[in-house]
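See below for the structure under consideration.
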There are 2 protein chains.
Amino acid sequence: MTSVPETVQETGEETLSTMDRAVTISQVAALAGVSTGTASKALNGRGALRPETRLRVQQAAEQLGFVANAAARSLQTGRTYTVGMITTDSIGRFSIPLLIGAEDALGAGQMSIFLCDARDDPIREQYYLRTLFSRKVDGIIVTGRRTDARAPIGIGLPVPVVYAFISSTDPRDCSVVPDEADGARRAIRHLLAIGRRRIAHVTGPEHHHSATVRARAAEETLAGEGVRPATPTLYGEWSEAWGRQAAGILLSTGADVDAVFCGSDQIARGLAEALTKAGKQIPGDVALVGFDNWDVMVEGCQPALTSVDMDLEGIGRSAAEMLLAAINGTPAHGRHARPGRLIPRASTAV
Amino acid sequence: MTSVPETVQETGEETLSTMDRAVTISQVAALAGVSTGTASKALNGRGALRPETRLRVQQAAEQLGFVANAAARSLQTGRTYTVGMITTDSIGRFSIPLLIGAEDALGAGQMSIFLCDARDDPIREQYYLRTLFSRKVDGIIVTGRRTDARAPIGIGLPVPVVYAFISSTDPRDCSVVPDEADGARRAIRHLLAIGRRRIAHVTGPEHHHSATVRARAAEETLAGEGVRPATPTLYGEWSEAWGRQAAGILLSTGADVDAVFCGSDQIARGLAEALTKAGKQIPGDVALVGFDNWDVMVEGCQPALTSVDMDLEGIGRSAAEMLLAAINGTPAHGRHARPGRLIPRASTAV
DNA sequence: AACCATGAGGAAATCGATTGCCTAGACGCT
DNA sequence: AGCGTCTAGGCAATCGATTTCCTCATGGTT
């Protein structure tokens, strides 16, 4: 063991170590020689104070390492500067980017986020909702791992709610969702642009909103260009296994496909593997486009996978911004679809 | 559009819709015909009250949909029943399971979690720390995406801190970490058990704690059984690309390897792909064991990948439990390593 | 000199729940 | 009857910060 430099102990001037016992505003006021009310005004930029007084209070606060007690503040003001985020996406694949986006939008306004993982359990969800109310959050963001519309989380709730990624079945609710049809159109147009004409679509379960929306948009885009799909849409699962299986189907039907638009990166990856194994060149013989732009998948795929990015962070940011607007009295309603973008990689490189 | 059944509006008996305007304990007290103090005691099971009075208050609370204002309560009691979780793992690959485990341990005690993503930025981290203090969290869990020990997040903090997954360089701090050496031992013993003797180890960067610890444990376990490693440990990255590259190295050295223990599932997957491509049978010619047991990787791999599971949820749960203990006055110190388990799959099936 | 406007800062109420202390009955005992 | 002892529940202080009134000075005006 090398000798570890002894950690700073008692000296810390204005480090966090000074906060050993909570410093209150009255201590700050006492040190600055003013009343607590004045101290409050000084620190919040309110009231009519001489600049030097204000400065004296601020320095006292600095010196003592004062941090206002959020509970006391919110008891008085009614605002907690906190929002709740309820997700059903235990994996975090979608909710983490959403969270990051939301943090960006809220962090600027000094707000914090309670993350609650309801794990697809309605009981748990209602329970979390209750605790969020008890904590008097200023607003709630609801999200999940599927884009299907869901029943509203509650009726006539005391705080604004914004749905992110998923949407609410109630059109009066505010939802921010990816424009999946737009994403599909981008994918198809990209494949057309690189000269492919025999395009298939392999996607997830037909009862998933995402699958059908993307499929329809893909079909319509093709039709718009006067191109017929190489095969009917193949519905299956969101997994690599299904991608591999679908590759077998495409090969055996002799459809002579030169491109496949896939409903997810995992499906695309399964296809890539199986097609390569069968002797097909990617993108030479078959070009591939995935969906989600999931880093580990698009990079792990051989060749690297072109994919549609739904800009989850952007959705999180938008949702948080709309929530803020609602909190401040100007609520938005309805579904707001945000466009994604296509990230071209080797699997469609000409 | 089918006609949507009009949502319950004014009638809602005890649904959440009743909570339109915050119900306070004095309203409950008034309805029950008691004082607020008595109401408080009734609802919290304190004081000496006639059972019927207690019941009357509870029913009044129920009827009004009363939920106590957490800010007011914590102002009085000094407890917020809230913990902060600071992570540097923007991806969420590790922090989400940790969060879920922690939620399990804390949820039973009705606590909530503030999730703060510091994104590897020390400034951001200190900023979050400050807001957590202002919110008077009862404790803090610090985590990250690497198991390397990190500098303590602060010295002499006013609340207990537990490090989960990562550990603190200060031995007086409490850390709950995966027993990676144990995981490596399990992997090696498993390979030995299925009769493999020419075992290689491919892992991440040498400057990562995880990589070296696992490598050393693997070597020692082999040595303990009197087996020499088929090759020196191959250090690289945690990626599939490195796995593929490593496969090439193993093949070209003619080391005649019959098993590879990989430092991550992604590395294993890269190896699997490249080895298969080179005509090797898995597990026939070469058996593979990964690390992390990351569902999409182990399932996407062909064949399905045997892997070491670090039980992240369990670590999150333990960390939360130790944090609770510390909050309640019996803090633990030092590093607590939790064993993982090996999940056998096709890549090592005999 | 008298008056008023303005600036600076203090005093105290307030938010909602908790809790220690106190009191009014009820009861029992001598 | 008198006294002590419980019991049930009310009263009011308290937590910490904000905010609404006030109250002094001060200085400018006529």
Side-chain angles (χ1 to χ4, degrees), chain A residues 19 21-58 60-61 64-82 110 130-131 133-138 158, chain B residues 19 21-58 60-61 64-82 110 130-131 133-138 158:
Chain A
M19 310 169 65
R21 285 306 149 223
V23 177
T24 70
I25 200 171
S26 15
Q27 297 174 35
V28 173
L31 179 58
V34 297
S35 72
T36 66
T38 304
S40 171
K41 290 168 195 157
L43 295 173
N44 294 301
R46 254 181 277 278
L49 303 187
R50 233 177 311 155
E52 66 194 68
T53 307
R54 204 176 286 278
L55 187 64
R56 211 167 65 241
V57 174
Q58 284 164 347
L64 296 176
F66 169 73
V67 185
N69 182 322
R73 168 178 291 153
S74 74
L75 188 55
Q76 167 65 22
T77 63
R79 290 268 322 249
T80 55
Y81 295 92
T82 298
Q110 313 278 314
R130 241 168 223 288
T131 75
F133 288 143
S134 105
R135 292 176 186 285
K136 294 279 179 289
V137 293
D138 294 335
Chain B
M19 310 169 62
R21 284 303 149 226
V23 178
T24 71
I25 200 171
S26 16
Q27 297 175 35
V28 173
L31 180 57
V34 298
S35 72
T36 67
T38 302
S40 171
K41 289 167 193 161
L43 295 173
N44 295 300
R46 255 181 275 279
L49 304 187
R50 233 178 311 158
E52 66 194 70
T53 308
R54 205 177 285 279
L55 186 64
R56 212 168 63 242
V57 174
Q58 284 164 348
L64 297 175
F66 170 73
V67 185
N69 182 323
R73 167 177 292 153
S74 74
L75 187 55
Q76 167 65 21
T77 63
R79 290 270 321 251
T80 55
Y81 294 91
T82 298
Q110 313 278 312
R130 240 168 223 289
T131 76
F133 286 143
S134 107
R135 292 177 187 283
K136 294 277 179 288
V137 293
D138 293 335

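Here is the naming used below: chain letters follow the sequence lines, and residue numbers restart at 1 for every chain.
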Separation of atom [atom1] in [X] from atom [atom2] in [N], rounded to whole Å:
X: B/Arg79; N: D/dT14; atom1: CZ; atom2: P; answer: 24 Å
X: A/Phe133; N: C/dG16; atom1: CZ; atom2: P; answer: 17 Å
X: B/Glu52; N: D/dT7; atom1: CD; atom2: P; answer: 16 Å
X: A/Leu49; N: C/dG9; atom1: CG; atom2: P; answer: 6 Å
X: A/Arg73; N: C/dG16; atom1: CZ; atom2: C1'; answer: 18 Å
X: B/Arg50; N: C/dA24; atom1: CZ; atom2: C1'; answer: 13 Å
X: A/Lys136; N: C/dA17; atom1: NZ; atom2: C1'; answer: 11 Å
X: A/Arg54; N: C/dA8; atom1: CZ; atom2: P; answer: 10 Å

*Any side-chain donor paired with an acceptor under 3.5 Å for A/Ser134 and B/Arg73?*
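No pair is found: no donor N or O on one side chain lies under 3.5 Å from an acceptor on the other.
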
*asked:* Heavy-atom nearest nucleotide on DNA chain C for A/Ala48 versus B/Ala68: which residue maps closer to 5'?
replied: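 Closest to the 5' end, via its nearest nucleotide, is A/Ala48.
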
*Considering only heavy atoms, which members of residues 35-47 of chain B lie under 4.0 Å from some atom of DNA chain D?*
B/Ser35, B/Thr38, B/Lys41

Which atom of [X] lies closest to which atom of [Y], heavy atoms considered:
X: B/Phe66; Y: B/Leu43; answer: CE2-CD1, 3.6 Å
X: A/Arg54; Y: A/Arg46; answer: NH2-O, 3.5 Å
X: B/Asp138; Y: B/Tyr81; answer: OD2-N, 2.6 Å

*Look at the side chain of A/Thr80 and the backbone N and O of A/Lys136, then say whether any donor-acceptor pair between them is shorter than 3.5 Å.*
yes

*Keeping the roles fixed (side chain from A/Arg135, backbone from B/Ala70), state whether a donor-acceptor pair exists under 3.5 Å.*
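Answer holds: no.
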
Nearest to the side chain of [X], which nucleotide is it out of [options]?
X: A/Val34; options: D/dG9, D/dG16, C/dG10; answer: C/dG10
X: B/Thr77; options: C/dG16, C/dT19, D/dG16; answer: C/dT19
X: A/Leu75; options: C/dC15, D/dA17, C/dT18; answer: C/dC15
X: B/Gln76; options: C/dG16, C/dC15, C/dG9; answer: C/dG16

_Axial cation check for B/Phe133 ring with B/Arg130, 6.0 Å and 45° limits_ =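 No, cation not above the ring by the 6.0 Å, 45° rule.
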
*Does a nitrogen or oxygen in the side chain of A/Thr53 sit under 4.0 Å from OP1 or OP2 of C/dG9?*
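Answer is yes, contact under 4.0 Å.
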
